[in-house]
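Please read these numbers as outputs of a predicted model, since none were measured by experiment.
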Amino acid sequence: MNRNTAYRRVIATLALLFAVPAAAQTVMTRSGAVSGVTQTGVTAFKGIPYAAPPVGPLRWRPPRPPASWKGVRAASEPGPACMQPVLPGEDRGSNPAISEDCLYLNIWRPTVATAKAKRPVMVWIHGGGFYFGTGARATYDGASLARDGLIIVTLNYRLGRFGWFAYPELTKEGGKAGTGNFGLMDDIAALKWVRANIAAFGGDPANVTIFGESAGGVAVNALMTIRAARGLFAKAITQSGFGRVPPQPLTTAEQTGSAFARSAGVADLAALRKLPAAAVLGPEEVRYAPLEGPWPILDGKLITASVEQIFAAGNEAKVPWMVGSNDFEASLFPGRLANPDAALEDLPPPLRDTMITLYDPTHSGDKKAVVAGMITDRLLTEPARFLAASHARSGQPVYRYLFGYVPEAERGSILGAPHASELAFVFNNLGTSQGSPLKYTGADENTAAAMSRYWTNFARNGDPNGTGLASWPRDSDDRILVFDATGQHAEHALKQPQLDRLARLAAAP
């Protein structure tokens, strides 16, 4: 044996000694074994079914357990996104397909995790107006958060008419399980799967944090109020969750469902279930308008009252909670911003004058800024403050934030931090938005590192604070942490005159 051969054998032996064992990449779930892909200290398991395909006779039914499989299932690619219009520029990850067979989840864990590790778990519920989206978007890649020692789970749930649909026959069929809110039923099924399986991936089923943004934040709020979800999570984070928008009345949703059936030329539920998925989806040229599309339904079983009512009565889940929104959420409504005069004319004259005074204290005459501030605060900032104060009365820790950080390359070109702009910061995945031309700076990266650490600290122990981070006070007396160009800093009674006026408006009969 020459020296080179001996050297190569030593190197090969060392590689085997330090390689990750096969057991670290293959995990046995209740349904069968899955093999993940390891890269830079994180192993990802993608496309794991958490429920049976909701197709054929299972369309518009509560999710059923997934079928078991033999052998090892490759978990290297996410499952298809749930049925949705194909919107220009929408990022559905490495698997751009859409399908009615879509109830899959993805897991990221530190490669060194073992079944005895009991690491904190974060389960992400994506946004998209209950109309589009997927847990596989590049922005939601959980590798960065997993490197901080956590288990990250993202999931798909039924969307649009597949996930939020009522029909008189369905109401009779639903029984105790309820009806209409099939997307929320999927979220609950995924959480039950996590409770049953996540220990095998090194996660702690007793330390699960749910977090979501926009429609995902609405879902988190709803899960806080749903009895069937109790015990499935220990903490919750709501990002831009529209806390005062009520659920649809069941009768209204049934009327909408019946109108669809007539338009499709069918007369009963059996025929509806036989429609091709493309016919249920509808024409792709239909475009979603915020707050005007699919929405949770007041079915009296799963959803028994509005989030606002349940929080006010103190009947929500008693868990530590983080809640907040962005300072330019009005970006969701470009039509109103393009015609601010019309938006202001919709208000009664006394209220119009009050809002102009509150949102233009320097009398600049910038009506667009007035309308942007009013929409942002009415739909998101004030409801977050109201729900936070309500939840704090339960004695649980509450941490509230306002995200106003604009990347340095965009400053001066937009009014503030638009809806969903915090996502890449929360996941510490700057530059992952599809088609993003931005070049991020060190200050941007520092903000992302801080924000993601606040989130993972909270998931660990219900408190976002940690070494090297600005102090984030509990929201026991209208206290909030602000993310902006100056960094992170706590504020007391932020925007109190504006929010107090909007609170009185929300409480008016």
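Side chain of S452 to main chain of V426: no donor-acceptor pair is present (N/O by atom type, distance under 3.5 Å, no hydrogens or angles). No donor-acceptor distance shorter than 3.5 angstrom exists from the side chain of S394 to the backbone of G314, with no hydrogens or angles considered. Under a 3.5 Å cut-off, the side chain of R411 and the backbone N or O of V406 do form a donor-acceptor pair. At least one donor-acceptor pair under 3.5 Å links the side chain of T376 to the backbone N or O of A330. With Y157 contributing its side chain and C82 its backbone, the two residues share no donor-acceptor pair below 3.5 Å. Under the 3.5 Å distance criterion, the side-chain polar atoms of D360 are matched with a main-chain donor or acceptor of G365. Judged by distance alone, with hydrogens and angles left aside, the side-chain atoms of K235 form a donor-acceptor pair with the main-chain N or O of A459 at under 3.5 Å. Between the side chain of R400 and the main chain of A389, no donor-acceptor pair closer than 3.5 Å is present. The main-chain N or O of T139 is found under 3.5 Å from a side-chain atom of N429 such that the two form a donor-acceptor pair. Side chain of N156 to backbone of C102: a donor-acceptor contact under 3.5 angstrom is found.
Screening W295, F182, F162 against F130 for a ring pair (Phe, Tyr, Trp, His ring centres under 6.0 Å) leaves a single residue, W295. Shown are L184, D186, N181; of these, the side-chain contact (heavy atoms from CB on, under 4.5 Å) with R158 is made only by D186. A ring pair (Phe, Tyr, Trp, His ring centres under 6.0 Å) with F211 is found for exactly one of W455, F233, F427, namely F427. The one candidate from I310, L298, N315 that meets the side-chain contact (heavy atoms from CB on, under 4.5 Å) condition with T304 is I310. W108 pairs in a side-chain contact (heavy atoms from CB on, under 4.5 Å) with only one of the listed residues (T154, T43, V153), which is T154. Across V123, D204, N207, V121, a single residue satisfies side-chain contact (heavy atoms from CB on, under 4.5 Å) together with I198, and that is V121.
Counting all heavy atoms, side chain and backbone alike, A146 lies closest to P110 at O-CG, 3.2 Å. When all heavy atoms are compared, the tightest approach of M83 to L159 is O-CB, 3.8 Å. Across all their heavy atoms, R352 and L344 have their closest contact at NE-O, 3.1 Å. Nearest approach of G462 to P397, heavy atoms of both residues: O-CB, 4.2 Å. I152 approaches G142 most closely through the heavy-atom pair CG1-O, 3.6 Å. For M185 against G178, the heavy-atom pair with the smallest separation is CE-O, 3.7 Å.
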Working note: M122 + I237, criterion side chain to side chain contact (heavy atoms under 4.5 Å, CB included); need CA distance, chi angles, decisive distance, verdict. CA-CA 10 Å; M122 299 184 76; I237 302 172; 4.3 Å; yes
Using side chain to side chain contact (heavy atoms under 4.5 Å, CB included), reason through I151 and I107 one step at a time and then give a plain yes or no. CA-CA 7 Å; I151 310 295; I107 299 173; 3.8 Å; yes
Could you walk me through whether V371 and M355 pass the side chain to side chain contact (heavy atoms under 4.5 Å, CB included) check? CA-CA 9 Å; V371 171; M355 289 296 148; over 6 Å; no
Criterion side chain to side chain contact (heavy atoms under 4.5 Å, CB included) on R109 and V27, from CA distance to verdict: CA-CA 12 Å; R109 70 168 188 179; V27 172; 3.9 Å; yes
If you apply the rule side-chain hydrogen bond (donor to acceptor under 3.5 Å, both in side chains), what do you find for D463 with N465, and how did you get there? CA-CA 6 Å; D463 186 334; N465 290 288; 2.8 Å; yes
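Expressed to the nearest 0.5 Å, how far CG of N221 lies from CD1 of I226 amounts to 10.5 Å. Between the CZ atom in R147 and the CG atom in N428 there is a gap of 9.5 Å [rounded to 0.5 Å]. Taking OH of Y50 as the start and CG of L155 as the end, the distance is 5.5 Å to the nearest 0.5 Å. Atom OG1 in T134 sits 11.5 Å away from atom CD1 in I98 (nearest 0.5 Å). Atom-to-atom distance recorded for N95:CG and N106:CG is 10.0 Å, nearest 0.5 angstrom. The distance from the NE2 atom of H419 to the CG atom of L332 is 4.0 Å, given to the nearest 0.5 Å.
R119 and D148 are not joined by a salt bridge, as no carboxylate oxygen comes within less than 4.0 angstrom of a charged side-chain nitrogen. Salt-bridge check for E382 with K495: failed, with every basic side-chain N at 4.0 Å or more from each acidic carboxylate O. The existence of a salt bridge linking D475 and R385 is excluded, since no basic side-chain nitrogen approaches an acidic carboxylate oxygen closer than 4.0 Å.
For H363, the NE2 atom sits in a loose shell: 12 or fewer heavy atoms of surrounding residues, nucleotides or ligands are nearer than 6.0 Å. The 12-atom threshold is exceeded at NZ of K318, counting heavy atoms of other residues, nucleotides or ligands nearer than 6.0 Å. With a 6.0 Å radius and a threshold of 12 heavy atoms from other residues, nucleotides or ligands, R453 has its CZ atom above the threshold.
Using modelled atom types and a 3.5 Å distance limit, the side chains of Y399 and R479 yield no donor-acceptor pair. For the residue pair T447/D444, the side-chain donor-acceptor check at 3.5 Å is not satisfied. Side chains of S306 and Q309: a donor-acceptor N/O pair is present below 3.5 angstrom, by distance only. Checked by atom type, the side-chain pair N326/E422 shows a donor-acceptor distance below 3.5 Å.
For the pair V323 and H391, the minimum side-chain heavy-atom distance is 4.5 Å or more. Two residues are said to be in side-chain contact when any heavy atoms from C-beta on lie closer than 4.5 Å; E491 and L402 fail this criterion. A heavy-atom distance below 4.5 Å is not found between the side chains of M451 and Q488. L469 has its side chain within reach of N457: a pair of non-hydrogen atoms, C-beta onward, lies under 4.5 Å apart. Looking at I210 and L223, their side chains come closer than 4.5 Å, going by heavy atoms from C-beta outward. Between W193 and T29 the shortest side-chain heavy-atom distance falls below 4.5 Å. Residues Y440 and P407 are in side-chain contact: their nearest non-hydrogen atoms beyond the backbone lie under 4.5 Å apart. M224 is not listed as a side-chain neighbour of T238, based on a closest heavy-atom distance of 4.5 Å or more.
Not counting sequence neighbours, the partners of F403 by the ring pair (Phe, Tyr, Trp, His ring centres under 6.0 Å) test are F425.
A tilted orientation is assigned to the rings of W124 and Y140, their planes being inclined by 30° to 60°.
If you look at Y454 and W472, their ring centroids are closer than 6.0 Å.
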